[in-house]
Amino acid sequence: MGFLDRFRRPKRATDPDGFRELALEVAREHPFVASVDVAEDGEFALSVSFVGGDESVRTTYLRRPWAEAEGEPYEDQVEIVERFLEQFAQEAPIPTSWSDAKDLVFLGLRAVSYTAYMPRDKAPIWREALDGLALILFVDLETTVVTVPGERLEEWGVSVNDAWEAAAANTLRLAPAAGDFAPAPKSMVRISSGQIDAASYLTAPGWLASMARGMSVLAWAADRDSLAVVFGAEGVDPTRFAAQALETWKESSTDVSPRLYTLDGDSVVPLTVPQDDPAFRALEKCRYAQIARATAEQGHALEEEHERDGIDIWVGVLDVLDRNGQLEAVTIWPDDVVTLLPEADTIDFVEMDENEKIRVVHSLPQRAVFEAMGLEPEADLVPPRYYVERWPDARLLERLARAN
């Protein structure tokens with residue numbers, strides 16, 4: 001059972017707060033740990049120093065082990081925390097010079113929610129990629145990988161562009177060589193992780209095109225550890241592959257993307273088809289599932305941040321609904337409530353009726369509303385959100401309602 005055998009009635013953690021307490025107890029009993037406490041400001045993290053180390057206190061974020069431990073029995077949750085602490089304790093030191101780091105940086109592909117829980121002042125160097133994913137600058141250590149924040153680049157004395165260029169080259173170097181595969185048309189190859197995550201191979205410049213050798217492809221990376229590629233995909237119905245990718249993505253604790261990707265020249269791009277294509281709805285399910293999860297994860301992170309900082313802003317939610325046979329991302333906008341509205345297809349303007357029931361006053365395309373109001377998304381929020389305090393004035397709202 002691990003270090004907590006002494007407890008008579010151990011219970012598995014059922015939420016992040018409970019898991020943080022469980023991790024704290026495990027760490028207090030762990031022989032590698034010299035000191036441990038909940039991270040400053042009660043974040044979903046621990047502040048830890050290790051026996052035999054340099055006595056420095058490091059912050060270890062618990063999102064990754066919680067993703068693995070959620071829903072597992074108590075004994076398994078303890079083992080996950082123990083393993084995570086041991087890996088963290090054995091980390092190779094982060095290079096202190098660019099000459100030591102330049103061959104170790106690489107680009108990792110992650111769900112954009114990977115960045116949502118990181119403190120703003122420690123945010124990694126990253127860019128949005130492939131319509132809703134995060135392409136993150138990592139440094140490869142002996143037992144783990146760590147993100148590279150801006151302050152690390154300053155320490156190394158290297159620009160973001162130079163670091164990014166080196167990381168792209170290293171990612172390509174670490175990806176499997178095209179000569180290792182001889183795919184036949186209409187064949188599917190599953191490629192596993194090597195020194196870096198398999199999903200990250202998609203970001204290696206020109207790699208997928210070199211693998212394809214002129215053939216069309218369908219590719220997906222539902223989790224970090226496996227990349228699937230269908231070669232010679234002309235005439236292949238992508239519907240079943242989309243369903244397969246979506247199911248794997250839903251079940252994965254290291255999810256990346258449920259979407260299918262293809263090539264536009266040498267560039268990897270999300271697969272799209274016309275609305276009358278039989279695969280359109282299956283691909284839209286994947287796209288909307290990704291949007292909904294990213295928005296929900298971002299919303300949870302913002303709520304935690306607002307609660308910690310004493311900020312009273314309602315973080316709007318997003319639902320994916322089937323309306324008239326088409327999927328729509330819908331958010332609700334209550335009047336006279338300071339809100340961060342997520343990006344959506346449709347806004348339902350709602351109010352409380354005399355029976356204290358919510359009713360929809362107007363249902364309007366979000367783009368039309370925000371363009372008429374001149375609203376711009378808040379800086380540094382991905383997916384985008386918009387700060388609002390009250391509905392548009394009544395005349396504008398009525399005009400928009402008539403036009404739509």
Can you tell which of Asp197, Thr115, Thr147 makes a side chain to side chain donor-acceptor pair (under 3.5 Å) with Arg110?
-> Asp197
Report yes if the side chains of Leu396 and Met373 come closer than 4.5 Å at any heavy-atom pair, otherwise no.
-> yes
Below 4.0 angstrom, N of the basic side chain to O of the carboxylate: do Asp162 and Lys102 qualify?
-> no
Give the ring-plane orientation class for Trp333 versus Phe370, where under 30° counts as parallel, over 60° as perpendicular and anything between as tilted.
-> perpendicular
Do the side chains of Val105 and Trp156 get nearer than 4.5 Å, heavy atoms only?
-> yes
Could you tell me which residues satisfy ring pair (Phe, Tyr, Trp, His ring centres under 6.0 Å) with Trp249, sequence neighbours excluded, listed by chain and number?
-> none
In terms of side-chain geometry, is the basic nitrogen of Glu284 or Arg281 positioned less than 4.0 Å from the acidic oxygen of its partner?
-> no
Answer yes or no: is there a side-chain heavy-atom contact under 4.5 Å between Thr248 and Asp223?
-> yes
Check whether any side-chain heavy atom of Arg152 sits under 4.5 Å from a side-chain heavy atom of Val139, and report yes or no.
-> no
Kindly indicate whether the side chain of Leu22, heavy atoms from C-beta on, has any atom under 4.5 Å from the side chain of Arg12.
-> no
How are the rings of Trp391 and Phe349 set to each other: parallel, tilted or perpendicular (split at 30° and 60°)?
-> perpendicular
Could you tell me whether the side chain of Arg323 reaches within less than 4.5 Å of the side chain of Val330, counting heavy atoms only?
-> yes
Pick one: which of Lys250, Arg224, Arg293 meets salt bridge (charged side-chain N to carboxylate O under 4.0 Å, His left out) with Asp255?
-> Arg293
Dump the intermediate steps for side-chain hydrogen bond (donor to acceptor under 3.5 Å, both in side chains) on Glu343 and Tyr386, then the final yes or no.
-> CA-CA 8 Å; Glu343 191 153 85; Tyr386 299 78; 2.8 Å; yes
Passes side-chain hydrogen bond (donor to acceptor under 3.5 Å, both in side chains), Asp237 versus Thr239? Steps please.
-> CA-CA 6 Å; Asp237 183 359; Thr239 301; 2.7 Å; yes
Could you check if a side-chain atom of Leu130 sits within less than 4.5 angstrom of a side-chain atom of Val268, using non-hydrogen atoms only?
-> yes
Does some side-chain heavy atom of Arg20 sit less than 4.5 Å from a side-chain heavy atom of Leu62?
-> yes
Lys/Arg-Asp/Glu bridge criterion (N-O < 4.0 Å) met for Arg173, Asp140 | no
